[in-house]
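Structure, as structure tokens:
Everything quoted here is computed from the prediction, not taken from an experiment.
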Amino acid sequence: MIILSSKQWYKKGLHDGIPIALGYFAVAFALGIAAKRAGLTAIQTFLATLLTNASAGGYAGFLVIEENEPYINMALTIFVVNIRYLLMSCALSQKFSPKTSIGHRLLVGFDITDEIFGISMAVKGTLNPCYNYGAMTVSIPCWATGAALGVIMGDVLPASIVSALGVGLFGMFLAIIIPPARKNKVIAGVIITSFILSFAFSKIPYLCTLSEGTRVIILTVAIALAAAILFPVKEEETDE
């Protein structure tokens, strides 16, 4: 068994994080378009994405800003959208040695994304937090820089091209939900239901008057709760 030093773990994280960083840069460019629509400057967008490395959560936050909704709506919307990271944190914490300090755990928890979580869980055996630091070192700057460039280019490019680039973010969301939907009929049903109800909420009297952020909160909680009650995940499926 080869024991890696902290420096070696860090370099391994850097290496494994490069493909993620490149993907983040492209996706964040589209997120920057959304930030521009919300009225944020390139510097504001850079800081916002640097401190909150979350695609869906970032988009939800910019959407709430664009709608000029109260801060409580922003907090609830982002909390609901990003609540999956709580589960990822619990799972990832089991990969670390019991001797890992709370400081390291908090720093790693700062940047648990779907992709970094994936490569971290794929590491065999006990995980060193320096691995996550390496992945974070390359991914966070690319995410923030890509978003800031999206805002800058949104001021330069024609409106038609800016609108087309904005669709790229939805393409990322589709890339996330389609693979698991093809493998699991329940997930596919939940996704289709969410599409239908989201459209219905935008047309039904009174519900259509609610802000988009409020509708996201209601639908996410209601659909997730219904799915958990009607189609609970069996223990063996969770282990797999």
Can you give me the closest heavy-atom contact between [X] and [Y], atom names plus distance?
{"X": "Cys130", "Y": "Ser6", "value": "CB-O, 3.5 Å"}
{"X": "Ala21", "Y": "Val138", "value": "CB-O, 3.3 Å"}
{"X": "Thr100", "Y": "Pro129", "value": "CG2-CG, 4.3 Å"}
{"X": "Ala188", "Y": "Ala181", "value": "CB-O, 3.5 Å"}
{"X": "Ser120", "Y": "Leu127", "value": "CB-CD2, 3.8 Å"}
{"X": "Ser97", "Y": "Thr126", "value": "N-CG2, 3.5 Å"}

Phe96-His104 aromatic ring centre distance below 6.0 Å = no
Just how far is it from atom [atom1] of [X] to atom [atom2] of [Y], taken to the nearest 0.5 Å?
{"X": "Leu197", "Y": "Leu207", "atom1": "CG", "atom2": "CG", "value": "10.5 Å"}
{"X": "Ile140", "Y": "Thr49", "atom1": "CD1", "atom2": "OG1", "value": "10.0 Å"}
{"X": "Met121", "Y": "Leu92", "atom1": "CE", "atom2": "CG", "value": "6.5 Å"}
{"X": "Phe29", "Y": "Leu149", "atom1": "CZ", "atom2": "CG", "value": "6.5 Å"}
{"X": "Phe62", "Y": "Lys36", "atom1": "CZ", "atom2": "NZ", "value": "13.5 Å"}
{"X": "Ile192", "Y": "Ile187", "atom1": "CD1", "atom2": "CD1", "value": "12.0 Å"}

Side chains of [X] and [Y]: closer than 4.5 Å at any heavy-atom pair?
{"X": "Leu76", "Y": "Ile72", "answer": "yes"}
{"X": "Asp114", "Y": "Tyr85", "answer": "yes"}
{"X": "Val151", "Y": "Thr41", "answer": "no"}
{"X": "Trp143", "Y": "Leu50", "answer": "no"}

Is there a path of hydrophobic side-chain contacts, each under 4.5 Å between heavy atoms of I, L, V, M, F, W or Y residues, that connects [X] with [Y]?
{"X": "Phe25", "Y": "Ile18", "value": "no"}
{"X": "Val186", "Y": "Leu230", "value": "yes"}
{"X": "Ile119", "Y": "Phe117", "value": "yes"}
{"X": "Leu225", "Y": "Ile191", "value": "no"}
{"X": "Leu22", "Y": "Met136", "value": "no"}

request  = Begin from the C-alpha positions of Ser139 and Thr113 and carry the test side-chain contact (heavy atoms from CB on, under 4.5 Å) through to its verdict.
outcome  = CA-CA 10 Å; Ser139 63; Thr113 65; over 6 Å; no
query = Going by the side-chain hydrogen bond (donor to acceptor under 3.5 Å, both in side chains) test, which pairs reach into residues 185-201, not counting sequence neighbours?
reply = none
Is the backbone of [Y] close enough, under 3.5 Å, to the side chain of [X] for a donor and an acceptor to pair up by distance?
{"X": "Thr77", "Y": "Met74", "result": "no"}
{"X": "Lys12", "Y": "Tyr131", "result": "no"}
{"X": "Gln94", "Y": "Ala91", "result": "no"}
{"X": "Thr52", "Y": "Ala54", "result": "no"}
{"X": "Lys11", "Y": "Gly134", "result": "no"}

ask   = Just wondering, more than 12 heavy atoms not from Ile102 lying within 6.0 Å of its CD1?
value =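 Yes, enclosed.
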task = Taking atom CZ of Phe110 as the centre, report whether more than 12 heavy atoms of other residues, nucleotides or ligands fall under 6.0 Å from it.
result = yes
task = For the pair Trp9 and Val123, evaluate side-chain contact (heavy atoms from CB on, under 4.5 Å) and give the outcome as yes or no after the intermediate values.
result = CA-CA 11 Å; Trp9 274 109; Val123 174; 3.7 Å; yes
inquiry  = Tyr10 and side chain to side chain donor-acceptor pair (under 3.5 Å): which single residue from Thr137, Asn128, Asn132 fits?
reply    =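 When side chain to side chain donor-acceptor pair (under 3.5 Å) is applied between Tyr10 and each of Thr137, Asn128, Asn132, only Thr137 qualifies.
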remark   = Exactly one candidate in Leu51, Thr145, Leu40 meets side-chain contact (heavy atoms from CB on, under 4.5 Å) with Phe46; the answer is Thr145
task = Give a yes-or-no answer on whether the side chains of Tyr24 and Asn53 include a donor-acceptor pair shorter than 3.5 Å.
result =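 The answer is no; no qualifying pair exists.
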message = Between Val108 and Arg105, does the side-chain contact (heavy atoms from CB on, under 4.5 Å) criterion hold? Intermediate values first, please.
response = CA-CA 5 Å; Val108 170; Arg105 294 176 184 273; 5.9 Å; no
